[in-house]
Amino acid sequence: QVQLVESGGGLVQPGGSLRLSCAASGSGFTIVAMAWYRQTPGKERELVASIASGRSTNYSDSVKGRFTISLDNPKNTVYLEMNSLKPEDTAVYYCNADVVVFGPINRYLKLWGQGTLVTVSS
């Protein structure tokens, strides 16, 4: 069983910074890619940033230059460093992981964290 546990959300003033963490726990798996999504009430979940195990990254235009995604492979942990935060960054942020679980037949799974609320407000 592979699980994702997120941490790091909270309240921050505009222009401030936060760092989100998401750790994948379990055994017998490898990470293919990890990503952060966000969602606000009444809107679809949107991709914020993604990173493959080979370190290639992708960012939405709205966060490019302000957010940085990184992956610590030995710790199976992905981070999202968020700088110059704006009120429109307020959302529930979800961690996502594409993993391969090893077994008699390897399985490809797409996992989600529980979500962590980021509020940008003065």
Side-chain angles (χ1 to χ4, degrees):
Q1 186 81 358
V2 184
Q3 293 183 323
L4 302 180
V5 179
E6 303 166 6
S7 60
L11 172 65
V12 63
Q13 292 187 343
S17 299
L18 275 178
R19 188 174 83 154
L20 305 182
S21 301
C22 173
S25 63
S27 61
F29 71 96
T30 188
I31 292 173
V32 176
M34 296 189 80
W36 288 96
Y37 288 73
R38 67 186 181 187
Q39 189 171 24
T40 54
K43 292 189 176 181
E44 291 188 0
R45 195 170 294 187
E46 63 171 352
L47 176 66
V48 175
S50 64
I51 184 167
S53 59
R55 298 289 192 270
S56 62
T57 58
N58 181 53
Y59 296 92
S60 70
D61 288 342
S62 61
V63 307
K64 209 171 285 186
R66 299 187 297 122
F67 291 10
T68 302
I69 189 169
S70 60
L71 177 62
D72 185 333
N73 279 114
K75 294 183 179 180
N76 290 323
T77 299
V78 66
Y79 303 96
L80 185 68
E81 189 74 38
M82 303 184 294
N83 298 312
S84 302
L85 282 160
K86 305 175 181 179
E88 50 264 43
D89 294 318
T90 296
V92 177
Y93 284 71
Y94 294 92
C95 174
N96 167 264
D98 294 337
V99 304
V100 172
V101 179
F102 302 117
I105 299 176
N106 292 344
R107 294 179 296 146
Y108 181 92
L109 300 179
K110 196 170 187 70
L111 305 173
W112 291 95
Q114 78 281 7
T116 184
L117 177 62
V118 172
T119 304
V120 184
S121 175
S122 55

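Here, residue 1 is the first one in the sequence, and each next residue gets the next number.
Residue Phe102 is found in a hydrophobic cluster whose other members, listed by chain and number, are Val32, Val100, Tyr108; membership requires side-chain heavy atoms under 4.5 Å apart, directly or through intermediates.
Atom CG in Leu20 sits 8.0 Å away from atom CZ in Phe67 (nearest 0.5 Å). If you take OG on Ser21 and CG on Leu4, they are separated by 12.5 Å, rounding to the nearest 0.5 Å. The distance from atom OG of Ser25 to atom CG of Asn76, rounded to the nearest 0.5 Å, is 9.0 Å.
The side chain to side chain donor-acceptor pair (under 3.5 Å) check on Ser62 picks up Arg38, Ser60, with sequence neighbours excluded. Every residue two or more places apart in sequence or in another chain was checked for a side chain to side chain donor-acceptor pair (under 3.5 Å) with Lys43, and none qualifies. Taking the side chain to side chain donor-acceptor pair (under 3.5 Å) definition, one finds that Arg66 meets it with Asp89, sequence neighbours left out. For Arg107, there are no salt bridge (charged side-chain N to carboxylate O under 4.0 Å, His left out) partners, not counting sequence neighbours. Looking at residues two or more places apart in sequence or on another chain, you find no side chain to side chain donor-acceptor pair (under 3.5 Å) involving Asp72. Gln39 pairs by the side-chain contact (heavy atoms from CB on, under 4.5 Å) definition with Arg45, Tyr94, not counting sequence neighbours.
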Steps toward side chain to side chain contact (heavy atoms under 4.5 Å, CB included) verdict (Ser121, Leu11): CA-CA 7 Å; Ser121 175; Leu11 172 65; 4.2 Å; yes

**OP:** Evaluate side chain to side chain contact (heavy atoms under 4.5 Å, CB included) for Thr68 paired with Arg19, printing each intermediate quantity in order.
**Re:** CA-CA 9 Å; Thr68 302; Arg19 188 174 83 154; over 6 Å; no

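Enclosure of atom CD in Glu88 by more than 12 non-hydrogen atoms of other residues, nucleotides or ligands within 6.0 angstrom is indicated.
What you find for Thr90 and Thr40 is that their closest heavy atoms are O-CG2, 3.1 Å. Counting all heavy atoms, side chain and backbone alike, Leu71 lies closest to Ala52 at CD2-O, 4.2 Å. Minimum heavy-atom separation, Lys75 to Thr77: O-OG1, 2.9 Å. In terms of heavy-atom proximity, Val63 sits nearest to Val48 at CG2-O, 3.6 Å.
Residue pairs meeting the salt bridge (charged side-chain N to carboxylate O under 4.0 Å, His left out) criterion with at least one member in residues 26-35, sequence neighbours excluded, do not occur. Pairs passing the salt bridge (charged side-chain N to carboxylate O under 4.0 Å, His left out) check and including a residue from residues 92-101, sequence neighbours excluded, read Asp98-Lys110. For residues 19-99, the disulfide (SG to SG under 2.5 Å) pairs, not counting sequence neighbours, are Cys22-Cys95.
Between Phe29 and Ile31, some side-chain heavy-atom pair lies under the 4.5 Å cut-off.
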Check: residues 111-119 side-chain donor-acceptor pairs under 3.5 Å, at least two apart:
| from | atom 1 | to | atom 2 | distance (Å) |
| --- | --- | --- | --- | --- |
| Gln114 | NE2 | Glu6 | O | 3.4 |
| Thr116 | OG1 | Gly9 | N | 3.2 |

Show which side-chain atoms of residues 79-86 pair as donor or acceptor with protein atoms under 3.5 Å away, not counting sequence neighbours.
| from | atom 1 | to | atom 2 | distance (Å) |
| --- | --- | --- | --- | --- |
| Asn83 | OD1 | Ser17 | OG | 2.8 |

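The hydrophobic clustering, which links ILVMFWY residues whose side-chain heavy atoms are closer than 4.5 Å, places Tyr59 and Leu18 together. Following chains of ILVMFWY side-chain contacts shorter than 4.5 Å, one can reach Tyr93 starting from Ile69, so the two form part of one hydrophobic cluster. Note on Trp36 and Val92: separate hydrophobic clusters, where clusters join Ile, Leu, Val, Met, Phe, Trp and Tyr whose side-chain heavy atoms are under 4.5 Å apart, directly or indirectly.
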